[in-house]
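We count residues from 1, following the sequence as given.
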Amino acid sequence: PPKATEIMLKICVIPLDIAYADVENNLISTAHQLNQVEPDTDIVVLPELFTTAFVPDAKAVAATAEPNDGRTVEALKRWAQYFGFAIAGSFLATDGQGNYFNRAFFVEPIGDITFIDKRHLFPLSNEHTVYTAAEGEPQAIRFRSWNIRMIVCFDLRFPVWTRNNPDDLYDLLLVPSNWPVARVKPYKLLLAARAVENQIYTVGANRTGSDKFGDYPAGMTSVFDCLGEEIRETRRNGHIYALLDKDHLKESRERFPFYKAADRFTIDPKPSR
């Protein structure tokens with residue numbers, strides 16, 4: 001029979017209050033929070049740009065962006081190995097050639113790392129003028145027999161970008177976010193819609209605190225099952241947990257296998273402008 005971890009997946013979401021463009025202090029506060037995560041957790045999900053918050057200024061971006069082997073990723077690798085759970089989120093990345101990315105990561109305890117860049121850059125904050133958008137489709141992640149995909153914040157509004165392929169199903173969508181409370185209804189609605197239309201679990205990991213773009217209350221972070229039901233438990237320290245059940249996905253897909261009728265299409269590798 002399959003191991004328990006192959007059927008059930010325990011998720012912890014930490015809705016951090018992120019200090020603006022302060023990598024050192026954000027790494028320290030994240031380490032403190034990770035020390036409080038329950039030891040049987042499989043995946044911890046951090047908010048979008050967890051070491052910087054959203055930085056729109058080109059000079060500040062150049063000063064704080066890091067390569068894939070910088071101190072942020074090195075810290076993530078140490079933490080994942082030490083605690084024994086995977087860590088997901090996004091950080092401000094650079095290729096060293098003047099290009100900057102809002103880059104999602106999935107760091108496994110054994111040291112494997114998957115990077116996925118944000119595709120849809122938010123025009124109201126001029127993200128598209130400073131950052132570079134992803135090309136090609138987001139890479140799939142296989143972890144403890146679960147098929148996982150990641151997108152970042154504004155990507156949530158584009159259903160084609162997250163469409164489940166009937167020939168290659170995925171089970172869980174992780175969405176690191178900095179989504180302000182002024183748009184809380186669309187945020188939760190879209191997370192639920194992505195879960196229902198793809199027959200998957202969705203995890204929206206939103207930050208807390210506030211910045212020039214709005215306020216981010218802790219209650220926005222959400223987890224939905226494949227029926228669009230919100231499932232989460234909030235601990236006294238503010239961490240949010242959910243137990244995901246692969247049997248629940250399997251039974252739902254077998255009972256109502258509408259994913260098999262999904263339209264097949266190709267995605268232009270070049271992002272729209």
Are [X] and [Y] grouped together when hydrophobic residues (ILVMFWY) are joined by side-chain heavy atoms under 4.5 angstrom apart?
X	Y	result
I240	V203	yes
V223	V45	yes
L249	I148	yes
L27	L49	no
I11	M150	yes

Next on the checklist: Does V73 form a side chain to side chain contact (heavy atoms under 4.5 Å, CB included) with F115? I'd like the steps, not just the answer.
Outcome noted: CA-CA 11 Å; V73 173; F115 294 111; 4.1 Å; yes

Distance (rounded to the nearest 0.5 Å) between [X] [atom1] and [Y] [atom2]:
X	Y	atom1	atom2	value
C153	N178	SG	CG	6.0 Å
T41	L243	OG1	CG	10.0 Å
K77	D112	NZ	CG	10.0 Å
L124	R183	CG	CZ	6.5 Å
Q199	E254	CD	CD	11.0 Å
D225	L244	CG	CG	9.5 Å

Can a donor-acceptor pair be found, under 3.5 Å and without considering hydrogens, that links the side chain of [X] to the backbone of [Y]?
X	Y	answer
R142	S145	yes
S222	M220	yes
T208	D17	yes
D155	H120	yes

Regarding [X] and [Y], do their side chains bring together a donor and an acceptor under 3.5 Å, going by distance alone?
X	Y	result
T52	Y20	no
D22	N25	yes
N102	E48	yes
E38	H239	no
T221	N206	no
D95	N99	yes

When you compare the side chain of [Y] with that of [X], does any pair of heavy atoms fall below 4.5 Å?
X	Y	result
T51	T30	no
W79	I87	yes
L191	L156	yes
R207	P15	no
L92	E66	no
R119	P138	no
F213	S125	yes
K118	E127	yes

Checklist entry - Stepwise, does the side chain to side chain donor-acceptor pair (under 3.5 Å) test hold for Y100 with T132? => result CA-CA 6 Å; Y100 304 101; T132 299; over 6 Å; no

Next on the checklist: Quick one, L46 with L16, criterion side chain to side chain contact (heavy atoms under 4.5 Å, CB included). Give me CA distance, side-chain angles, the key distance, then yes/no.
Outcome noted: CA-CA 7 Å; L46 305 174; L16 298 168; 4.2 Å; yes

Next on the checklist: Before you tell me yes or no, could you show the steps for F105 and F50 under ring-ring contact (aromatic ring centres under 6.0 Å, His included), namely the whole-Å CA-CA distance, both residues' side-chain angles and the distance that decides it to 0.1 Å?
Outcome noted: CA-CA 11 Å; F105 56 82; F50 83 104; 5.7 Å; yes

Next on the checklist: Show, in sequence, the C-alpha distance, side-chain angles and deciding distance for N198 and T162, and conclude whether the side chain to side chain contact (heavy atoms under 4.5 Å, CB included) test is met.
Outcome noted: CA-CA 8 Å; N198 292 305; T162 60; 3.9 Å; yes

Checklist entry - Any chance CG of D247 has more than 12 other-residue heavy atoms, nucleotides or ligands included, within less than 6.0 Å? => result yes

Item to check | Over 12 non-hydrogen atoms of neighbours within 6.0 angstrom of CD in Q36 | outcome: yes

Closest approach of [X] and [Y], non-hydrogen atoms and distance?
X	Y	result
A205	Y187	N-OH, 3.6 Å
L121	A133	CD1-N, 3.6 Å
V160	F265	CG1-CE1, 3.3 Å
A80	E108	CB-O, 3.8 Å
N26	S29	O-OG, 3.0 Å
I231	Y201	CD1-CE2, 3.7 Å

Next on the checklist: One pair to check against side chain to side chain contact (heavy atoms under 4.5 Å, CB included): E24 and R71. What are the steps and the verdict?
Outcome noted: CA-CA 9 Å; E24 185 65 28; R71 59 177 171 168; 2.9 Å; yes

Are [X] and [Y] close enough for a salt bridge, meaning some N to O gap below 4.0 Å?
X	Y	value
D167	R264	yes
K188	E230	yes
D117	R103	yes
R253	D171	yes

Next on the checklist: Over 60° means perpendicular and under 30° means parallel, so tell me whether F158 and F154 are parallel, tilted or perpendicular.
Outcome noted: perpendicular

Checklist outcome for this item: Which of Y131, W179, F91 passes ring pair (Phe, Tyr, Trp, His ring centres under 6.0 Å) with F54? Answer is Y131

